[in-house]
Each structure stands twice: as structure tokens, then as C-alpha cells.
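Only heavy atoms go into these numbers, but all of them, side chains included; no hydrogens, no water, no symmetry mates. Keep in mind it's a predicted model, so treat the numbers as computed, not measured.
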Amino acid sequence: VKERVHPGASACGLFAPAAERPKGARTHDVTTIPGPSGERSNLEGLDKVFRQATDLIYGEDQYWRVPVLMDYLKEAMAAAPNLCLVVVTKDVSPFDGAKTWTLIMDNELKEAAGDRYLLLQLKVFDRGMVGGVETQVVKPEDVHTKPTVVADYYLPDGSATKHTRGLHYAGEHHCTVDDPWL
């Protein structure tokens with residue numbers, strides 16, 4: 001398997017297929033450490049589990065603009081015809097200068113995966129005044145969580161936002177759980 005990260009990055013290996021995994025959970029600490037020889041095990045771990053995904057990748061993040069993961073996601077979707085990708089993110093403000101990347105990601109994944117890809121924006125129902133009348137209103141809700149569930153066994157969660165800065169340049173940390181019984 002061709003590695004796509006710096007050879008000195010981390011010792012994060014490919015996870016064993018579900019049938020070969022021992023019972024019980026394993027945890028891994030994965031990080032992004034800036035610098036020319038810094039660690040990118042956040043990115044490396046996502047790359048490796050995406051390549052093994054067969055039925056579901058579910059992610060939440062405050063941003064959905066990860067061009068660094070685009071090829072990984074497209075390859076995973078092409079390799080597994082039953083794989084579905086569901087992403088939950090916050091509403092993108094029209095004043096957000098990087099919103100273009102959210103649109104690019106969304107369009108490219110719709111083209112690559114069709115109805116096997118779904119992008120959702122978290123919103124809440126509330127009561128509010130509209131034109132002097134109390135009524136139900138829909139409000140955008142902030143998403144700051146960052147879990148990614150791959151199939152039913154891999155869950156990383158922590159501070160690493162899935163965008164280029166969080167996976168390449170910022171000091172970020174996730175703790176992952178590899179457990180066939182999640």
C-alpha cells in the first residue's frame with residue numbers, strides 16, 4: 001500500500017479487517033505537529049481508514065472544506081460501491097471568505113458519489129417573533145464537534161478540525177478508538 005504521508009510521520013499502520021481484529025478496544029493518539037518534519041498522524045489515520053471503509057463514513061465538523069482529503073474520499077467512494085458519506089456541519093455564512101471550499105467539496109463529492117453522499121447543516125427549531133406574531137423559526141446551530149465514524153469501528157475525536165490547517169499546520173490532537181463493537 002502506497003503511503004501518502006511523510007515517511008517519518010508516525011507508526012500508524014493499517015487497521016486489521018473486521019474479521020481479524022481482536023475483541024476489545026484499542027486507542028491511538030494521533031496528532032498534527034507543525035514543521036517540515038512534523039507529525040501528520042491525524043491525516044494519515046483518516047487516509048488509512050477511508051481506504052478500508054465499506055459501508056459508512058460519518059463526520060461532524062465546524063467546517064467542511066478539506067481539499068487535502070478530497071482524493072482520499074473519492075478513492076474510497078469509487079472502491080466501495082455501497083459506501084455512504086454523511087457529513088454534518090454548521091451553516092456557512094455568506095460573509096465567510098472560505099465558503100468557496102465548502103461549495104467545491106460539496107459539488108465534487110456529489111459528482112463522485114451521487115446519492116451516496118449527504119451534506120447536512122445543523123439547525124434547531126425554536127419559537128420566535130416574525131412580523132409581531134410568535135411562530136416557529138429555524139436557527140442555524142454551531143457545530144464544534146469533530147468526530148468521524150468509519151464503518152462501525154473507528155472513532156477519532158479531539159481538537160483537529162478537518163481542514164488543511166488542522167491536518168497540516170496547526171498543533172492538533174485526537175484520541176481514536178478502534179473497536180468493532182462501537
Side-chain angles (χ1 to χ4, degrees), residues 1-7 9-32 39-90 101-122 143 145-164 166-168 172-182:
V1 175
K2 179 183 171 193
E3 297 300 325
R4 300 187 235 207
V5 294
H6 188 276
S10 74
C12 182
L14 284 173
F15 297 101
E20 299 172 18
R21 273 187 241 130
K23 291 188 179 192
R26 294 184 308 166
T27 61
H28 309 271
D29 287 323
V30 293
T31 60
T32 302
E39 183 163 333
R40 306 283 185 277
S41 57
N42 275 320
L43 176 60
E44 180 182 357
L46 289 171
D47 170 26
K48 290 178 179 184
V49 296
F50 287 171
R51 285 191 270 155
Q52 293 183 337
T54 58
D55 55 2
L56 175 67
I57 298 173
Y58 170 84
E60 292 178 16
D61 210 309
Q62 68 194 79
Y63 303 110
W64 182 234
R65 46 184 81 138
V66 275
V68 68
L69 293 179
M70 181 60 78
D71 289 341
Y72 304 169
L73 289 166
K74 284 181 180 179
E75 287 174 21
M77 299 301 287
N82 294 322
L83 179 60
C84 294
L85 171 62
V86 178
V87 177
V88 177
T89 189
K90 68 180 184 179
W101 285 109
T102 300
L103 295 171
I104 290 170
M105 289 287 299
D106 188 46
N107 289 333
E108 285 192 29
L109 285 167
K110 281 179 185 172
E111 184 178 315
D115 63 356
R116 296 183 300 134
Y117 162 71
L118 182 61
L119 176 63
L120 304 170
Q121 293 177 339
L122 188 61
V143 175
T145 57
K146 296 161 180 75
T148 303
V149 178
V150 179
D152 58 354
Y153 72 91
Y154 182 77
L155 171 67
D157 198 13
S159 67
T161 301
K162 287 178 278 310
H163 57 27
T164 302
L167 294 171
H168 274 286
E172 302 283 4
H173 178 82
H174 264 85
C175 179
T176 68
V177 178
D178 173 20
D179 184 353
W181 308 108
L182 277 176

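- Listed here is the closest heavy atom pair of Pro67 and Met105: N-SD, 3.8 Å.
- Heavy-atom minimum distance, Leu85 versus Leu73: CD2-CD2, 4.2 Å.
- Counting heavy atoms of neighbouring residues, nucleotides and ligands inside a 6.0 Å radius, atom CG of Asn107 exceeds 12 of them.
- The shortest non-hydrogen separation linking His173 to Thr31 is ND1-CG2, 3.3 Å.
- Just one of Val30, Asp157, Asp29 meets the side chain to side chain contact (heavy atoms under 4.5 Å, CB included) condition when paired with Thr176; it is Val30.
- You'll find the side chain of Trp101 stays beyond 4.5 Å of the side chain of Leu103, heavy atoms only.
- Residues Asp55 and Asn82 have side chains not in contact (no heavy-atom distance under 4.5 Å, counting atoms from C-beta outward).
- Partners of Thr148 by side chain to side chain contact (heavy atoms under 4.5 Å, CB included), not counting sequence neighbours, listed by chain and number: Leu46, Phe50, Ile57, Val150, Pro156, Lys162.
- The two residues Lys74 and Ala112 come nearest to each other via the heavy atoms CG-CB, 4.0 Å.
- By the side-chain hydrogen bond (donor to acceptor under 3.5 Å, both in side chains) test, Asp106 is found to be paired with Lys110, Tyr117, residues two or more places apart in sequence or in another chain being considered.
- Atoms CG and CG, from Leu69 and Leu109 in turn, are 10.0 Å apart once rounded to the nearest 0.5 Å.
- For His168, the side chain to side chain contact (heavy atoms under 4.5 Å, CB included) test picks out Arg40, Leu43, Val68, Thr164, with sequence neighbours left out.
- Residues satisfying the side-chain hydrogen bond (donor to acceptor under 3.5 Å, both in side chains) test with Thr102, not counting sequence neighbours, are Arg65.
- Under the 3.5 Å distance criterion, the side-chain polar atoms of His174 are matched with a main-chain donor or acceptor of Gly158.
- Nearest heavy atoms, Met77 versus Ala113: CE-CB, 3.3 Å.
- In terms of the side-chain hydrogen bond (donor to acceptor under 3.5 Å, both in side chains) criterion, residue partners of Lys146 (sequence neighbours excluded) are, by chain and number, Gln62, His144.
- Put simply, CH2 on Trp64 and CG on Leu120 are 11.5 Å apart, with the number rounded to the nearest 0.5 Å.
- Closest approach of Gly166 to Thr32, counting heavy atoms only: O-OG1, 3.1 Å.
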(message) With side chain to side chain contact (heavy atoms under 4.5 Å, CB included) as the criterion, how do Asp61 and Val87 come out once you've worked through the C-alpha distance, each side chain's angles and the decisive distance to 0.1 Å?
(response) CA-CA 8 Å; Asp61 210 309; Val87 177; over 6 Å; no
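- Partners of Thr54 under the side-chain hydrogen bond (donor to acceptor under 3.5 Å, both in side chains) rule, at least two apart in sequence or in another chain, do not exist in this structure.
- Legend: residues meeting side chain to side chain contact (heavy atoms under 4.5 Å, CB included) with Gln121, ordered by chain and number and at least two apart, are Thr89, Asp91, Val92, Lys123.
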